[in-house]
2 protein chains.
Amino acid sequence: MANMRFISLENPTSEESCRIIKEGLRKKAMIIIFSCCKVRYYGRAKSRLGPGERLIIIKPDGSFLIHQDRKVEPVNWQPPGSKAKVKIEDGKILVESIRRKPAEKLMVEMEKVHTLSYYLVKDVHELEVAGHEEDMRRLILESPDIIEKGFRPITREYQTSNGFIDILGKDENGSLMVLELKSRRAGVSAVRQLKRYLEDFKDDKHGVRGVLVAPSITHDARELLEAEGLEFKSLEPPRELKKGYKMTLDKFISSR
Amino acid sequence: MANMRFISLENPTSEESCRIIKEGLRKKAMIIIFSCCKVRYYGRAKSRLGPGERLIIIKPDGSFLIHQDRKVEPVNWQPPGSKAKVKIEDGKILVESIRRKPAEKLMVEMEKVHTLSYYLVKDVHELEVAGHEEDMRRLILESPDIIEKGFRPITREYQTSNGFIDILGKDENGSLMVLELKSRRAGVSAVRQLKRYLEDFKDDKHGVRGVLVAPSITHDARELLEAEGLEFKSLEPPRELKKGYKMTLDKFISSR
DNA sequence: ATATCAATGTCGGAG
DNA sequence: CTCCGACGTTGATAT
């Protein structure tokens with residue numbers, strides 16, 4: 001059993017639970033508890049959750065999650081870097097997690113632990129994702145003609161008094177073009193954002209074109225856009241994952 | 001054992017795992033799996049996650065979470081309403097979760113299941129929270145003098161061409177006041193938002209005051225605010241939970 | 001179903 | 001450390 005990478009208990013006593021949770025915290029394990037509990041939180045906001053059965057997760061990095069049987073979001077949580085402590089009070093297990101700045105405290109009082117386990121986790125891989133606004137930006141900078149024939153980018157992240165323009169460029173006639181990128185369906189707020197950027201250029205002699213670039217646009221946004229004399233260019237964010245990147249990197253490292 | 005509200009297995013075979021997961025899905029249980037797995041996702045974006053040990057949660061409402069040993073957010077997930085299926089392929093367990101609209105698919109391929117359990121969850125309570133923007137709004141509408149002596153709200157959620165104003169009112173001299181509320185430290189984006197709302201009123205004869213109401217403000221936001229002739233009022237969101245609300249409601253229901 | 005907006009948003013990157 | 005903006009944001013509410 002010396003090799004055991006995890007421990008799992010059913011219906012442990014409070015004393016057993018307390019001991020195992022402490023052990024898990026000391027070993028920087030991922031601790032999983034299914035129990036009937038009450039929860040209180042105080043910090044940026046304040047909350048209270050009456051008794052019920054929930055899943056509690058304490059991660060090696062200090063992240064602390066309490067999940068109900070619905071929704072993707074935890075009902076209560078603490079971020080990475082938080083410090084957890086456990087003790088017994090009136091025969092019940094109390095788990096606290098504290099964050100220093102901002103000062104926040106999460107308190108879990110367990111009536112009954114159904115299962116308790118901890119795991120010494122081996123996981124080195126990071127998620128690889130494609131399809132973000134940044135992927136669109138790269139695509140446009142590499143292949144500007146995707147926007148329209150003759151489009152030439154000048155800068156990315158150009159600062160105006162109303163925030164940063166995603167891409168600034170010129171069309172084939174030399175007129176300035178301000179591109180606002182959205183990786184998802186664009187709403188009126190995206191149009192308003194584009195409109196604000198253009199305020200800095202309203203004295204430009206050649207005239208300036210504002211172009212919203214997104215996979216699609218809502219009805220209201222389209223109306224506002226046209227009323228403001230702006231343009232829409234439909235573009236899907238590229239969803240290409242780099243092929244074999246990690247493999248190559250691994251090879252490089254192991255072959256040195 | 002007929003009363004058993006949960007099942008928990010250590011190092012189950014693929015066949016056992018598949019059977020138990022199916023059973024859990026059928027019973028609308030909360031399924032918890034700790035396993036070495038690879039993950040792929042395709043939908044609004046696309047992602048790939050190489051092999052590693054992770055915690056997988058399938059909730060009765062269809063929510064599907066994959067948690068690594070760090071961070072609060074799941075590395076991959078599906079929202080409530082998604083449909084999960086499980087099968088064995090090449091001796092490995094494949095779990096898929098599909099969402100119809102937008103079309104999204106999550107695929108988990110498990111190399112080795114360390115623990116597998118499911119729970120028939122009893123949890124009726126909802127979280128009670130205080131400290132939101134809405135709590136600030138209520139406080140101001142109930143006690144307008146908190147903003148300044150003589151302040152009188154006219155409407156909440158007043159619509160402009162640039163979105164909804166949180167609270168519109170008048171000061172003791174009859175000048176219009178536009179309040180923008182933030183329950184957290186306000187940044188430049190909050191000031192820009194307030195600035196936009198005021199555009200609709202720039203022709204007002206009495207002059208209009210724009211007031212950002214938040215517990216604090218960033219340095220840059222303060223500078224922009226002052227340059228634009230706007231004001232800042234420091235106000236903490238009240239963090240008062242209703243006392244004994246549920247108790248009273250329960251009593252009411254049980255006493256009918 | 002769609003659109004809008006708050007959130008203990010979380011998270012990453014830049015200054 | 002703070003600040004700023006993107007996110008497969010999620011979740012709730014109003015239309």
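Not measured: the values here are computed from a predicted model. Excluded from the calculations below are hydrogen atoms, water molecules and symmetry mates; all remaining heavy atoms, backbone and side chain alike, are included. Order of the sequence lines sets the chain letters (A, B, ...), proteins ahead of strands, with each chain counted from 1.
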Original post:
Under 4.0 angstrom, heavy atoms only, what part of the nucleic acid is B/Pro102 near: base, sugar-phosphate, or nothing?
Top reply: nothing
Original post:
For A/Asn76 and B/Arg70, take the nucleotide of DNA chain C holding the closest heavy atom to each; which residue's nucleotide lies nearer the 5' end?
Top reply: A/Asn76
**OP:** Starting from C1' on D/dG8, measure out to CH2 on B/Trp77 and report it in whole angstrom.
**Re:** 5 Å
Subject >> Value rounded to 0.5 Å, distance of SG in A/Cys37 from CD1 in A/Ile93 >> reply: 10.5 Å
Original post:
Considering heavy-atom distances to DNA chain D, does A/Glu134 or B/Arg185 have its closest nucleotide positioned more toward the 5' end?
Top reply: B/Arg185
Subject >> A/Ser82 versus A/Arg99, side-chain donor and acceptor atoms under 3.5 Å >> reply: no
**OP:** Compare all side-chain heavy atoms of A/Val121 with those of B/Leu55 and state whether any distance is below 4.5 angstrom.
**Re:** no
Original post:
Is the closest side-chain heavy-atom distance between B/Leu212 and B/Leu230 below 4.5 Å?
Top reply: no
Original post:
So how far is it from A/Asp69 CG to B/Ile58 CD1, rounded to the nearest 0.5 Å?
Top reply: 14.0 Å
Original post:
CD of A/Glu180 versus P of D/dG5: gap in Å, rounded?
Top reply: 11 Å
Subject >> D/dG8 base / B/Glu104 side chain donor-acceptor hit below 3.5 Å >> reply: yes
Original post:
Among residues 188-195 of chain A, which contact DNA chain C at a heavy-atom distance under 4.0 Å?
Top reply: A/Val188, A/Arg192
Original post:
The side chain of B/Thr218 lies closest to which of these nucleotides: D/dC7, D/dG11, D/dC4?
Top reply: D/dC4
Original post:
For B/Ser183, which contact category applies under a 4.0 Å heavy-atom criterion: base, sugar-phosphate, or nothing?
Top reply: sugar-phosphate
Original post:
With rounding to whole Å, what would you report as the distance between D/dC4 and D/dG8 at their P atoms?
Top reply: 22 Å
Original post:
What is the nucleic acid contact for A/Lys46, judged by heavy atoms within less than 4.0 Å: base, sugar-phosphate only, or nothing?
Top reply: nothing
**OP:** Without swapping roles, check the side chain of B/Glu104 against the backbone of B/Pro79 for a donor-acceptor pair under 3.5 Å.
**Re:** no
**OP:** Indicate, with a heavy-atom threshold strictly under 4.0 Å, whether B/Gln78 touches base, sugar-phosphate, or nothing.
**Re:** base
Original post:
Atom NE2 of A/His67 to atom C1' of D/dT10: distance rounded to whole Å?
Top reply: 12 Å
Original post:
Between C/dT10 and C/dA6, how far is it from one C1' atom to the other, in whole Å?
Top reply: 14 Å
Original post:
Take atom CZ in B/Arg40; do more than 12 heavy atoms of anything else shown fall under 6.0 Å from it?
Top reply: no
Original post:
Start at the 5' end of DNA chain C and walk down; is the nucleotide closest to B/Arg137 or to B/Arg184 reached first?
Top reply: B/Arg137
Original post:
Across the strands shown, which category fits B/Pro74 at heavy-atom distances under 4.0 angstrom: base, sugar-phosphate, nothing?
Top reply: nothing
Original post:
To the nearest angstrom, how far is B/Gln159 atom CD from D/dA14 atom P?
Top reply: 15 Å
**OP:** Can you tell me the distance, in whole Å, between the CG atom of B/Asp220 and the C1' atom of D/dG5?
**Re:** 14 Å
Subject >> Rounded interatomic separation in angstrom, taking CZ from A/Arg156 and P from D/dG5 >> reply: 14 Å
**OP:** Using only side-chain N and O atoms of B/Lys105, determine if any of them is under 4.0 Å from OP1 or OP2 of D/dG8.
**Re:** no
Subject >> Atom pair distance, as rounded to whole Å: CZ in A/Phe164 and P in D/dC4 >> reply: 10 Å
**OP:** Using a 4.5 Å cut-off on heavy atoms from C-beta on, say whether the side chain of B/Leu168 contacts that of B/Thr155.
**Re:** yes
**OP:** For DNA chain C, note the earliest and the latest nucleotide, 5' to 3', having some atom under 4.0 Å of a heavy atom belonging to chain B.
**Re:** C/dT2 to C/dG12
Subject >> Pairwise side-chain contact, A/Lys182 with A/Gln193, heavy-atom cut-off 4.5 Å (strictly under) >> reply: yes
Original post:
For A/Ile165 and D/dG5, what is the distance between atoms CD1 and C1' respectively, to the nearest whole Å?
Top reply: 16 Å
Subject >> Centroid under 5.5 Å and tilt under 30°, B/Tyr41 to D/dG8 >> reply: yes
Subject >> Exercise: do A/Thr218 and A/Asp220 side chains pair donor with acceptor under 3.5 Å >> reply: no
Original post:
With a non-hydrogen cut-off below 4.0 angstrom, is A/Gly43 in contact with a base, only sugar-phosphate, or nothing?
Top reply: nothing
Subject >> Close residues, residues 222-237 of chain A, relative to DNA chain C [heavy-atom separation under 4.0 Å] >> reply: none
Subject >> Point-to-point distance, once rounded to the nearest 0.5 Å, from CG of A/Leu25 to NZ of A/Lys83 >> reply: 10.5 Å
**OP:** Measure the CG-NZ distance between A/Leu49 and A/Lys38 for me, rounded to the nearest 0.5 Å.
**Re:** 11.0 Å
Original post:
Atom CZ of A/Arg54 and atom OH of B/Tyr119: how far apart are they, to the nearest 0.5 Å?
Top reply: 15.0 Å
